[in-house]
Amino acid sequence: MNRREFLKQVARWSAGGMVAAPVFTIAPGLLADDTVKSKIVVGSDPDVDGLITSVVSAMGGMAGFVNKGDHVVIKPNIGWDRRPEQAANTHPMVVKALVEHVLEAGAKKVSIFDRTCNEERRCYYNSGIKPVVDKIDDRRVSCNYIDDRKFIPVNIKKGKNLNQWPIYREVLEADCYINVPVAKHHSLAKLTLGLKNVMGVIGDSRGKIHFNLAQNLADLNTVVRPTLTVVDATRILLRNGPQGGDLNDVKTLNTVVASTDPVAADAYAATLFGLSPDAVPSTVAAYKMGLGEMDLAKCIIKKI
């Protein structure tokens, strides 16, 4: 099915027009574009607003990703009940700056959300993300809690280990999906970056995903393909991730990494920890599935 028919069926199901929830099969190319050239923009600046503006500009401007009237999903990491300086969640000012650029590009609707690990209200508020988004005070923007009724079972046609998993409807419906993970240590995955941020938009028991984690993440990313990945490395968590909590585990870099290639973004972000691009198993698994470029020598890297 094409994207238009897919969305029609989603709408009919959401309105109660179907007796039972359908299982959707994502056709190849519907949510992915394997032809995008791997370009990475790396920016460093303690002024977060200026940093995001410079990085977005170097990527060609937000209008290159967002059309007027688009529904845009901005997906940060809001998973933990931690303060911004503890580096367990995406920096709220990174999210705010991206929302402002998306609105300027003419988005009709901007949705920010995450399926949290700790209690959702504490995560949304203590991360600083909901307060800063609410201050934008624009009816087009929402930072709402996950609604479990909106997870839709999706067939993962290209999956090697997963063949079906429920995925959040707004992600599937969005015209533009901007993935905004924080760069941090993870006790099982080694690092949690862009590819792993998909965990915040899937339903069911996420504990099951941790068995054969790298391949499962790669499988999920064959379906959930971001239009743009912006890795928040303004401060990174070096140890005791993903939850962290000790400020001694945090290193300030004032850096952001952006790419239309989620594999390339993760590959470069690994180097910020002194690791090689192939050090993170999920990056390798996604590369082997043709989801992006892991060899940084084959990428266009622009530093600003």
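Computed from heavy atoms alone, side chains included, the values below leave out hydrogens, waters and symmetry copies.
Note: L51 CG to T234 OG1 = 8.0 Å, rounded to the nearest 0.5 Å. To the nearest 0.5 Å, atom CZ of residue F151 and atom CG of residue D204 are 9.5 Å apart. With rounding to the nearest 0.5 angstrom, the CD atom of E170 is 10.5 Å from the CD1 atom of I152. For the atom pair CD1 of I78 and CZ of R122, the computed distance is 14.5 Å after rounding to the nearest 0.5 Å. Atoms SG and NZ, from C123 and K130 in turn, are 13.5 Å apart once rounded to the nearest 0.5 Å. Here NZ of K150 is found 5.0 Å from CZ of R169. Values are rounded to the nearest 0.5 Å.
By the 4.5 Å heavy-atom criterion applied to side chains, H91 and R235 are counted as neighbours. Counting only heavy atoms from C-beta outward, the side chains of Q86 and L237 never approach each other to under 4.5 Å. L296 has its side chain within reach of I40: a pair of non-hydrogen atoms, C-beta onward, lies under 4.5 Å apart. Side-chain contact check for Q243 versus N118: some heavy-atom pair is nearer than 4.5 Å. The closest side-chain heavy-atom distance from I129 to C143 is below 4.5 Å. Taking 4.5 Å as the limit, some side-chain heavy atom of M294 sits within range of a side-chain heavy atom of V284. At least one side-chain heavy atom of I136 sits less than 4.5 Å from a side-chain heavy atom of L103. F113 is listed as a side-chain neighbour of V73, based on a closest heavy-atom distance under 4.5 Å.
Scanning both residues, F65 and T227, for their nearest heavy atoms gives CD2-CG2, 4.0 Å. Across every non-hydrogen atom of K184 and A88, the tightest pair is NZ-O, 2.6 Å.
At a cut-off of 3.5 Å, with distance as the only test, no side-chain donor of S259 or T229 sits close to an acceptor on the other residue.
Judged by distance alone, the side chain of R115 and the main-chain N or O of I202 form a donor-acceptor pair under 3.5 Å. A donor-acceptor contact shorter than 3.5 Å links the side chain of N89 to the backbone of G79. Formation of a donor-acceptor pair under 3.5 Å by the D219 side chain with backbone atoms of K160 is found in this model. Within the 3.5 Å criterion, the main-chain N or O of A297 finds a donor-acceptor partner in the side chain of D295.
Considering P226, P181, P262, P76 in turn, P181 is the only one that fulfils the side chain to side chain contact (heavy atoms under 4.5 Å, CB included) rule with N197.
The cationic group of R225 does not satisfy the cation-pi geometry with Y177, failing either the under 6.0 Å distance to the six-membered ring centre or the 45° limit from the ring axis.
Counting non-hydrogen atoms of neighbouring residues, nucleotides and ligands closer than 6.0 angstrom, the CG atom of D246 exceeds 12 such neighbours. In E85, the CD atom is crowded: over 12 heavy atoms of neighbouring residues, nucleotides or ligands sit closer than 6.0 Å.
Between K75 and D114 there is a salt bridge, since at least one side-chain N of the basic residue sits less than 4.0 Å from a carboxylate O of the acidic one.
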Practice task
Before giving the answer on side-chain contact (heavy atoms from CB on, under 4.5 Å), spell out for M289 and Q215 the whole-Å C-alpha distance, their side-chain angles and the decisive distance to 0.1 Å.
Solution key: CA-CA 9 Å; M289 295 188 76; Q215 187 57 57; 3.1 Å; yes
Exercise for the section: Kindly determine whether L195 and V198 satisfy side-chain contact (heavy atoms from CB on, under 4.5 Å), including the steps that lead there. Expected result: CA-CA 6 Å; L195 293 166; V198 73; over 6 Å; no
Problem - Chi angles and distances behind the side-chain contact (heavy atoms from CB on, under 4.5 Å) call for L272, V257 - result: CA-CA 10 Å; L272 300 176; V257 178; 4.1 Å; yes
Practice task
Apply side-chain contact (heavy atoms from CB on, under 4.5 Å) to the pair I178 and M62, showing each step before the final yes or no.
Solution key: CA-CA 11 Å; I178 301 178; M62 191 59 77; 4.0 Å; yes
